[in-house]
Amino acid sequence: MDERRKPYPFDQFEPKWQAIWEKQQLFHAPNPGEKDFDHARPKFYVLDMFPYPSGAGLHVGHPEGYTATDIIARYKRMRGFNVLHPMGWDAFGLPAEQYAIKSGQHPAITTRENIAKFKNQLKRIGFSYDWQREINTTDPRYYKWTQWIFLQIYNSWFNPATNKAEPISTYSGKNPDEVRLAYVADVPVNWCPELGTVLANEEVVDGKSEIGRFPVVRRPMRQWMLRITAYAERLLNELDKLDWPEGIKLLQRNWIGRSEGAEIDFKIGKSDQKVRVFTTRPDTLYGGTFLVLAPEHSLVDLIVTEEQWPAVREYREKTARKSDLERSDLSKDKTGVFTGAYAINPATNEKIPIWIADYVLIGYGTGAIGGVPAHDERDLEFAKKFDLPIVIVVQPRGDEPAFGFTGEGIAINSPVINGLTSTEAKKKITAWLEERSLGKGAVNYKLRDWLFSRQRYWGEPFPIIWENGNHRSLGESELPVVPPPLEDYKPTGTGEPPLSKAKVWVRYSEKATRETNVMPQWAGSCWYYLRFCDPHEDRRFVGEQAERYWMSGAKPGGVDLYVGGTEHAVLHLLYARFWQKVLFDLGYVSKPEPFQRLVNQGIILGEDNQKMSKSRGNIVNPDDVIDQYGADAFRCYEMFMGPLEQMKPWSMRGVEGVSRFLARVWRLFMSENQSGDWELSGKIKQIDADKAQQKMTHATIKKVTEDIESFSFNTAISQMMIFVNVFTGVEAIPLSSMRSFLVLLSPFAPHIASELWEQLNTKFADARGDITKQSWPAYDETLLVEDEVEVVLQINGRVRDRMKMSVSATDEEMKAAALANAKIQDRIVGKTVRNVIVVPKKLVNIVAD
RNA sequence: GCCGAUGUGGCGAAAUGGCAGACGCAACGGACUUAAAAUCCGUUGGGCCGUAAAAGGCCCGUGCCGGUUCGAGUCCGGCCAUCGGCACCA
């Protein structure tokens, strides 16, 4: 293509229009109270998941969602909305730091370079972002407020009575540090020696770090935690009113993992000690023949008998050394040790042995279970292995065997609840336990508190200092806390964060030292959508008026449309919801949920149908595509590939096809003169469209409008192709149809639409101004109505003939015409017509045999 | 193991329960051209009958098996395959 002439001169007009948009700041959205703000228009906030600016630059997957949102943004502007469509950078994170370790270059420099590269690439695609609102999570003017929000979390607690966060000052207990939403705890963490940091559960995949795939081991360490579990119920319930894909809601529900059941106390021997267990099947209590504690359970020390100590100690040490991976890998084979102690089953009053086993997790429920081997697979396996008694207490309703039956049935061998269904039995036994103070109904969640500290350099420092072993928050006036420059960014390897090497910085005062952990990468993205509302406000994390305006709406979520990949289904999306709720409870924001509507774009595969990766060498770089085919072709191809949500392979041939379509659009408007220059085609005239042309135009307006609304961008483009095919070769082309068409095309291919619109304006005075300032065309449904339609004639559901009929034909007329049809006649001779089904304007089906 | 998504030509795909394959790619044929590229026009799911060639006709076909219905890619039940998530959560 280099030496050859391009099919249309996109290389000239695409940069031209990008320069015009930038110069005129056409896509800047003023805030309420600012110059040019229009109160009469409704608002629309359309947001992309902002990228991590990696050194590799954009790949074609990024702009897929970005193109979709850009189409929506441009469309909504033409429909009269004030559109907020911003972009920014989630720039804290490991790669820049890893690079710093290797090269010694400060991550801030790497980050700045990568951002410049990303921004340049995005601008070449012609996205209509309001670049005045660009934000960068590593900018002190931004993370000052990330730290500020942390302080709000730190300085509040979750009041169960009001079911919301409140300032810590309202807490009446003795030690507020026990209830803060941000707290310090010694917890078994996922320690990654290679990365020199701990990781959140969510960042560990199959026992390896999500980044780098290095092994991860369990190790107790003192860490900052955020009390997200306090919000489990609300995070679960408030999903209902969000317009998110059901699949994503389900992922979050499963992650939160609510289960209802009971907590039951088992007395230990003759002492006053009790073990509390959680179960979802209190109705199987009579079948409980042993107890199992997690090896780490604090009661173990108190109950183990002399002779069992050595075995217990050895087992506990062995478990502690196992990583999570090993622990679950060996899941097929149950292990455990008897403690020598016994408990009393409160239902049967029988003495049952207490074991420890690593299939019971310290972090879930009470860290102890009642073993009901007859009706729980894991307990059954354990009982078989260690020869523990098995008692059947649930009778299945079908003909399944009761032994090992885990479903719901009828309670048996259980005096208090015999004959009841499992559901009834659960209620009754729980009430029975409550009356005797032996237990109570309880709800448990799989969700754990959020491990919030990292032993890294390139992240937000905590606005916290330590004095005499106690933590204390810095004042708001001391923000931002800026990380000190370091000679050496390497992790210390001991778990001591790199910031501890900056001795001067760490020393806050005579008596106090700074916290040296930093926040995880998720911190900055937990609230960036709020900052976009008002990115330059320096007195508050977001201006109140701006927040109330852009986040407004009748539904709980403030952002009207949020587009990004499924990989953030439970991490970013859950964390952001959590922060939003804390800020909402404390009265800082107006909405309980951040994102009202969520759409996930599918992954784009390489041409070989494999995931794009450096090692496969199948990565497509948007720059190369744009060099060859232009930004409009790139955008349109990304949308033409198939449904947005679907995974689909890239195809350069496909890009070429879409590029040919845009060239046809170009030549519909432009022709080459003698000297080889493009000029407006003389075929375009101010004439009325004939009936068929008018119908095609309105059908196209309708289809494109509806398809944009339903995110069916691929079929919208198909319709525009049909339109162009119809008008290609027409001798006199009606101007009005071309005007409408260009407006429809402009969200998809804004450069060519702008250029052709301008060309029309040089000759015709029927419209004025830039195409981006036009309003979206309306369609007239009456023009789409046909006089005659082709009706399908079927016999027994098989098409036998077709005939033209007036749309106003009655059912009777259609039936009569069908039966009179020659081909139908031929086929039904000698047969009995049993029934005739008439679908108006569509078909007649004759049932005959 | 559990949960979810997907399965339609050579390929990407389209189809409020009503003509399966729109639109695009690829392929083939034609026009233009000294030639090629580009462009334009046409053909293109499979099988069979038919004819000199056409016209035309019939049957099969949306992962597999069954059901509901006048009529099923679409709804229901069971299975298979691929992808994604969770995974000893009591």
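Every value quoted in this text rests on a predicted model; they were computed, and no experiment measured them. Chain letters run A, B, ... following the sequence lines, proteins first and then strands; every chain starts at 1.
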Atom pair distance, as rounded to whole Å: CD1 in Ile362(A) and C1' in C88(B): 15 Å
Starting from P on G84(B), measure out to CD on Gln252(A) and report it in whole angstrom. 21 Å
Please check the phosphate of A38(B) (OP1 and OP2 only) for any side-chain N or O of Lys6(A) closer than 4.0 Å. no
For the residue pair Phe382(A) and Phe290(A), is the inter-centroid distance of their aromatic rings smaller than 6.0 Å? yes
Rounding to a whole Å, what distance do you find between Phe713(A):CZ and A14(B):C1'? 17 Å
Give the nucleotide from the list C3(B), C88(B), G85(B) with an atom nearest to the side chain of Tyr359(A). C88(B)
Considering only the C1' atoms, how many Å lie between C40(B) and A52(B), rounded to the nearest integer? 33 Å
Nearest of C23(B), C40(B), C60(B) to any side-chain atom of Phe640(A)? C23(B)
Compare side-chain N and O positions of Thr715(A) against OP1 and OP2 of A22(B) and report whether any pair is under 4.0 Å apart. no
Watson-Crick or G-U counterpart of G7(B), or none if no pair lies under 3.5 Å: C80(B)
Would you mind calling G9(B) syn or anti? Take O4'-C1'-N9-C4 for purines or O4'-C1'-N1-C2 for pyrimidines, and syn is within 90° of 0. syn
Using atom P in both nucleotides, what's the gap between G57(B) and C64(B) to the nearest angstrom? 28 Å
Which nucleotide in the set G18(B), A22(B), G12(B) lies at the smallest distance from any side-chain heavy atom of Ser718(A)? A22(B)
Picking from C88(B), C19(B), G57(B), which would you name as closest to the side chain of Val792(A)? C19(B)
Distance in angstrom units between Glu706(A) CD and A15(B) P, rounded: 12 Å
If you only use heavy atoms from C-beta on, which nucleotide in C19(B), A14(B), C70(B) is closest to the side chain of Arg802(A)? C19(B)
Counterpart base for C2(B), defined by Watson-Crick or G-U wobble contacts under 3.5 Å: G85(B)
side-chain contact (heavy atoms from CB on, under 4.5 Å) test vs Leu285(A) passes for just one of Thr430(A), Leu438(A), Val372(A), Ile264(A), namely Ile264(A)
Using the P atom on both, measure C75(B) against G7(B) and round to a whole Å. 11 Å
Value in whole Å for how far the C1' atom of C11(B) lies from CD of Gln646(A): 14 Å
Just how far, in rounded Å, is P of G7(B) from CD of Glu645(A)? 13 Å
Quick check: Phe711(A) with Phe713(A) (ring centres under 6.0 Å apart)? yes
More than 12 foreign heavy atoms under 6.0 Å from CD of Glu377(A): is that the case here? no
Measure from CZ on Arg258(A) to P on C3(B) and round the result to the nearest Å. 20 Å
Now, which nucleotide makes the Watson-Crick or G-U wobble pair with G29(B), with each of the two distances under 3.5 Å? C41(B)
Determine the contact category for Val799(A): base if any of its heavy atoms lies under 4.0 Å from a base atom, sugar-phosphate if only primed atoms, P, OP1 or OP2 are that close, otherwise nothing. sugar-phosphate
Considering only the P atoms, how many Å lie between A14(B) and G21(B), rounded to the nearest integer? 15 Å
Winner on side-chain proximity to Arg667(A), out of C40(B), G24(B), C58(B), is C40(B)
Base, sugar-phosphate or nothing for Arg834(A)? Non-hydrogen atoms, less than 4.0 Å. nothing
Rounding to the closest angstrom, what is the interatomic distance between U74(B) and A20(B) at atom P? 14 Å
With distance as the sole criterion, is a donor-acceptor pair present between the side chains of Asp707(A) and Thr715(A) under 3.5 Å? yes
P gap between A72(B) and G63(B), integer Å: 15 Å
Please tell me which of the listed nucleotides, A14(B), A90(B), C88(B), lies nearest to the side chain of Asp358(A)? C88(B)
Please classify the nucleic acid contact of Ile722(A) as base, sugar-phosphate, or nothing, using heavy-atom distances under 4.0 Å. sugar-phosphate
Nucleotide of G57(B), C19(B), G18(B) approaching Lys842(A) most closely (side-chain heavy atoms): G18(B)
Distance between C1' atoms of G46(B) and U8(B) (Å, rounded): 14 Å
Selected nucleotide, minimal atom distance to Arg664(A) side chain, candidates C25(B), G18(B), C40(B): C40(B)
Taking CZ from Arg653(A) and C1' from A26(B), how many angstroms apart are they, rounded to a whole number? 7 Å
Select base, sugar-phosphate, or nothing to describe what Gly654(A) touches, counting heavy atoms under 4.0 Å on all strands. nothing
Stepwise, does the side-chain contact (heavy atoms from CB on, under 4.5 Å) test hold for Leu793(A) with Arg800(A)? CA-CA 6 Å; Leu793(A) 307 182; Arg800(A) 294 307 178 190; 5.5 Å; no
Any donor-acceptor pair under 3.5 Å joining the side chain of Gln794(A) to the base of G18(B)? yes
When you compare C60(B) with U6(B), how far apart are their P atoms, in angstrom units rounded to a whole number? 29 Å
Should Arg253(A) be listed as having a side-chain N or O under 4.0 Å from OP1 or OP2 of G4(B)? no
If A36(B) has a Watson-Crick or G-U wobble mate with both distances under 3.5 Å, name it; if not, just say none. none
By the 4.0 Å heavy-atom rule, please label Thr728(A) as base, sugar-phosphate, or nothing. nothing
Flag yes if more than 12 heavy atoms outside Lys683(A) fall under 6.0 Å of its NZ atom; otherwise flag no. yes
I'd like to know if Lys334(A) reaches the base of C88(B) with its side chain, counting only an N/O donor and acceptor under 3.5 Å. yes
Establish, from distance only, whether the side-chain atoms of Thr229(A) and Tyr445(A) form a donor-acceptor pair under 3.5 Å. no
